[in-house]
Amino acid sequence: MIIEFFGPPGAGKTTLARTLAARLRERDYTVDLVLSHRPAERASSETVTPSTALRTISFTTRRLTRPLAELVSMMFRPRGISRDLGTALNLIRILPPSNTLSSLRLLQYMSRLSHAWFRRSTIAHIVLFDQAFVQAICSLALLCGIADEALISYALDFVPEPDILVRLDAPTKLLEERLRDRHRLGGPFEQMLELDVETSLNSRSIIDVLHEVLRKKGRNVVSISSLDRSSLAAAVEQLERQIVVIAEQQKRATVKPAILEANISDHSLLKHFP
């Protein structure tokens with residue numbers, strides 16, 4: 001089962017994914033948590049000390065080396081390279097960013113995302129993506145300056161469909177505060193790779209269009225409001241219930257064919273041994 005989060009920057013996608021994964025693991029579910037390149041966020045009140053500075057350097061190094069490591073891993077699975085690269089190229093063709101650098105960055109990111117997605121789609125346990133293809137389509141629409149329903153719908157046809165989509169949102173003022181804290185706490189390299197606050201906030205209108213397209217396509221979208229710890233706890237509880245129901249349904253669906261196969265086998269044995 002694959003669960004994918006999407007929403008504007010600062011909405012709390014990674015925080016919710018981490019918390020939900022921990023909660024499900026407490027209930028003895030096997031959970032694969034796939035996080036984007038964003039480092040663990042510090043509270044805005046946390047003082048920057050030598051230890052936190054070293055941690056920032058460590059996160060920055062990981063952000064630089066992780067894409068290379070994942071691309072090397074893809075090279076050892078040549079069958080999937082054409083599929084992963086093809087998915088990324090199709091999305092960029094439909095919603096081309098306004099500059100070449102953004103196109104190249106998103107090309108390698110979406111190729112790695114496709115590789116991670118299809119590799120995990122073959123496993124039986126729960127997989128949480130703090131952001132994946134729906135969020136990538138939002139980024140493409142934002143960077144090409146086009147929030148066209150028809151183009152977004154066409155782009156969605158090229159990406160795999162998760163079992164549950166979770167949309168996170170928060171009031172504009174709260175998002176702005178979180179984004180300014182993020183820029184302030186991040187190092188120079190992090191700030192260079194991030195969108196500016198105004199552009200990030202503009203993604204909310206694209207998220208609205210994207211959500212409407214998903215609704216028309218009949219996709220299973222859960223809307224979550226990310227305000228504070230109380231709303232986070234309520235969101236985790238709500239999602240946990242839905243995931244557990246689907247997980248149990250999928251478990252029963254895999255058990256029934258096995259029982260049927262066993263019954264058929266027993267019946268054939270009875271024919272030989274009356």
Side-chain angles (χ1 to χ4, degrees), residues 1-26 29-43 46 52 54-74 84 87-88 105-123 125-139 159-160 162-170 175 178-179 181-183 185-187 189-191 193-195 200 203 207 222 224 226 229 232 235-236 239-240 243:
M1 182 199 316
I2 293 182
I3 297 97
E4 177 182 332
F5 298 84
F6 71 102
K13 298 181 290 295
T14 302
T15 302
L16 179 56
R18 287 181 185 275
T19 308
L20 181 60
R23 183 75 168 265
L24 290 168
R25 286 166 180 161
E26 288 175 0
Y29 284 97
T30 303
V31 180
D32 192 358
L33 178 61
V34 186
L35 298 177
S36 55
H37 53 245
R38 181 168 310 289
E41 296 177 355
R42 299 192 299 273
E46 182 178 345
T52 57
L54 287 173
R55 193 168 62 191
T56 300
I57 294 172
S58 174
F59 286 140
T60 301
T61 303
R62 191 184 313 164
R63 185 167 183 176
L64 285 169
T65 58
R66 176 178 162 185
L68 179 60
E70 291 180 354
L71 288 171
V72 170
S73 174
M74 291 172 60
D84 300 331
T87 299
R105 283 181 57 194
L106 283 168
L107 178 64
Q108 60 85 21
Y109 166 72
M110 290 187 295
S111 297
R112 292 187 292 111
L113 172 61
S114 176
H115 173 70
W117 178 284
F118 285 104
R119 183 160 60 89
R120 287 169 173 84
S121 66
T122 60
I123 60 181
H125 52 255
I126 298 168
V127 182
L128 303 179
F129 283 86
D130 71 333
Q131 59 180 38
F133 283 110
V134 171
Q135 190 70 38
I137 290 173
C138 174
S139 297
V159 301
D163 295 279
I164 301 176
L165 273 165
V166 182
R167 176 189 176 173
L168 274 82
D169 205 352
L175 288 175
R178 291 173 178 175
L179 290 171
D181 282 342
R182 178 182 293 177
H183 278 260
L185 294 169
F189 180 77
E190 288 287 327
Q191 294 174 4
L193 293 179
E194 298 292 341
L195 296 172
S200 295
S203 68
I207 293 290
V222 180
I224 299 293
S226 169
R229 290 185 179 181
L232 175 65
V236 169
L239 289 170
E240 181 185 7
I243 291 170

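Numbers for residues simply follow the sequence, beginning at 1.
L239 has its side chain within reach of L16: a pair of non-hydrogen atoms, C-beta onward, lies under 4.5 Å apart. Put simply, the side chain of I3 does not reach to within 4.5 Å of the side chain of P162, judged on heavy atoms. Residues E240 and L24 have side chains in contact (heavy-atom distance under 4.5 Å, counting atoms from C-beta outward). Within the 4.5 Å cutoff, no side-chain heavy atoms of L20 are placed close to those of L33. Looking only at side-chain heavy atoms (C-beta outward), R119 and V34 stay at 4.5 Å or farther from each other. Side-chain contact between R18 and L35 is present, with at least one heavy-atom pair separated by less than 4.5 Å. Within the 4.5 Å cutoff, the side chain of I137 has heavy atoms near those of the V159 side chain.
With hydrogens and angles ignored, the 3.5 Å screen pairs no side-chain donor or acceptor of D130 with any backbone N or O of K13. Not one N or O on the side chain of Q131 forms a donor-acceptor pair closer than 3.5 Å with the backbone of A136. Of the possible polar contacts, none joining the S114 side chain to the S111 backbone as a donor-acceptor pair under 3.5 Å is found. Looking only at distances, a side-chain donor or acceptor of Q108 sits under 3.5 Å from a matching main-chain atom of R105.
For the side chain to side chain donor-acceptor pair (under 3.5 Å) test, residues two or more places apart in sequence or in another chain that qualify with S226 are R178. Judged as a salt bridge (Lys or Arg N to Asp or Glu O under 4.0 Å), and not counting sequence neighbours, the contacts of D32 are R120. Every residue was checked against the ring pair (Phe, Tyr, Trp, His ring centres under 6.0 Å) condition with F6, not counting sequence neighbours, and none meets it. Residues that satisfy the ring pair (Phe, Tyr, Trp, His ring centres under 6.0 Å) test with F129, not counting sequence neighbours, are W117.
When all heavy atoms of C138 and I207 are compared, the pair lying nearest together is SG-CD1, 3.5 Å. Nearest heavy-atom pair, T14 versus S36, reported as atom, atom and distance to 0.1 Å: OG1-OG, 4.2 Å. The minimum heavy-atom distance linking V31 with A21 is given by the pair CG1-CB, 3.9 Å. Here the closest non-hydrogen pair linking T15 and T19 is O-OG1, 2.8 Å. Looking at every heavy atom in both residues, P160 comes nearest to F118 through CG-CZ, 4.1 Å.
Atoms CD1 and CG, on I2 and L128 in that order, are 10.0 Å from each other to the nearest 0.5 Å. Here R182 contributes atom CZ and L175 contributes atom CG; the two are 9.5 Å apart, rounded to the nearest 0.5 Å. Once rounded to the nearest 0.5 Å, the distance linking CG of L165 with CD of E4 reads 5.0 Å.
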